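Below is one structure, written out as structure tokens; comments come after it.
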Amino acid sequence: MADDLVAAVRAYEVARAAVTDAQVEADRIVAAAKTDVVAARARLADAIVAAARSGMRQVDIVRATGYTRERVRQILRANGVEAE
């Protein structure tokens with residue numbers, strides 16, 4: 001009977017440690033994904049600026065990106081491109 005109790009305690013400790021390990025791994029994955037989002041956002045802003053400088057109309061940029069006209073204007077202004 002004492003062996004069952006010891007085995008149950010050990011199983012519980014292992015299960016709790018697995019939850020902690022999984023949380024640490026999940027936190028790492030989320031942090032990496034957030035870094036990817038920042039990089040992708042910067043790449044998108046660069047592409048928006050390049051498209052505007054090459055003559056693409058803002059309305060077409062809005063359609064392609066799904067951003068609002070105001071957000072596209074903000075990105076362009078922040079990168080030295082005058083709004084239409």
Side-chain angles (χ1 to χ4, degrees):
M1 184 151 6
D3 289 340
D4 288 342
L5 180 58
V6 170
V9 168
R10 180 69 187 132
Y12 176 71
E13 289 170 349
V14 167
R16 285 190 54 158
V19 169
T20 300
D21 293 345
Q23 185 63 52
V24 168
E25 179 65 9
D27 292 345
R28 185 196 63 75
I29 291 168
V30 169
K34 286 181 179 181
T35 299
D36 292 346
V37 167
V38 170
R41 184 180 297 126
R43 181 177 175 201
L44 179 55
D46 290 344
I48 288 169
V49 170
R53 286 188 174 145
S54 71
M56 187 174 196
R57 298 179 319 148
Q58 284 186 24
V59 67
D60 295 327
I61 295 171
V62 167
R63 283 189 192 121
T65 62
Y67 279 168
T68 64
R69 287 179 54 175
E70 183 56 30
R71 184 65 186 133
V72 169
R73 281 191 206 103
Q74 290 170 350
I75 291 167
L76 294 175
R77 277 190 227 120
N79 288 279
V81 178
E82 288 300 317
E84 291 178 349

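Just so it is clear, the structure is predicted and the values come from calculations on it, not from any experiment. Count residues from 1 along the sequence.
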Spatial distance of atom CG (Asn79) from atom CD1 (Ile48) [nearest 0.5 Å]: 9.5 Å
Just verifying a value: how many Å separate Thr65 OG1 and Ile75 CD1, rounded to the nearest 0.5 Å?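 One finds 7.0 Å between OG1 of Thr65 and CD1 of Ile75.
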Do Arg73 and Glu70 sit within salt-bridge range, that is, some charged N less than 4.0 Å from a carboxylate O? yes
Could you tell me whether Arg63 and Asp60 have a side-chain N and a carboxylate O separated by less than 4.0 Å?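 Looking at Asp60 together with Arg63, the answer is yes, because their closest N to O distance falls below 4.0 Å.
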Do Glu13 and Arg16 pass the salt bridge (Lys or Arg N to Asp or Glu O under 4.0 Å) test, and can you show the C-alpha distance, the side-chain angles, and the key distance before you say yes or no? CA-CA 5 Å; Glu13 289 170 349; Arg16 285 190 54 158; over 6 Å; no
For atom CG of Asp36, decide whether the heavy atoms of other residues, nucleotides or ligands shown that lie under 6.0 angstrom number more than 12. yes
Please check if the number of heavy atoms outside Arg69 that lie under 6.0 Å from its CZ is greater than 12. no
Say whether Arg71 and Gln74, considering side chains only, have a donor N or O and an acceptor N or O under 3.5 Å apart. yes
Taking all non-hydrogen atoms of both residues, which atom of Gln58 and which atom of Val72 are closest, and how far apart? CG-CG1, 4.3 Å
Kindly give the heavy-atom pair with the smallest separation between Val62 and Tyr67, and that separation in Å. CG1-O, 3.1 Å
Are any of the side-chain heavy atoms of Val19 and Gln23 separated by less than 4.5 Å? no
Given Arg28 and Val24, is the side-chain contact (heavy atoms from CB on, under 4.5 Å) satisfied, shown in steps? CA-CA 6 Å; Arg28 185 196 63 75; Val24 168; 5.8 Å; no
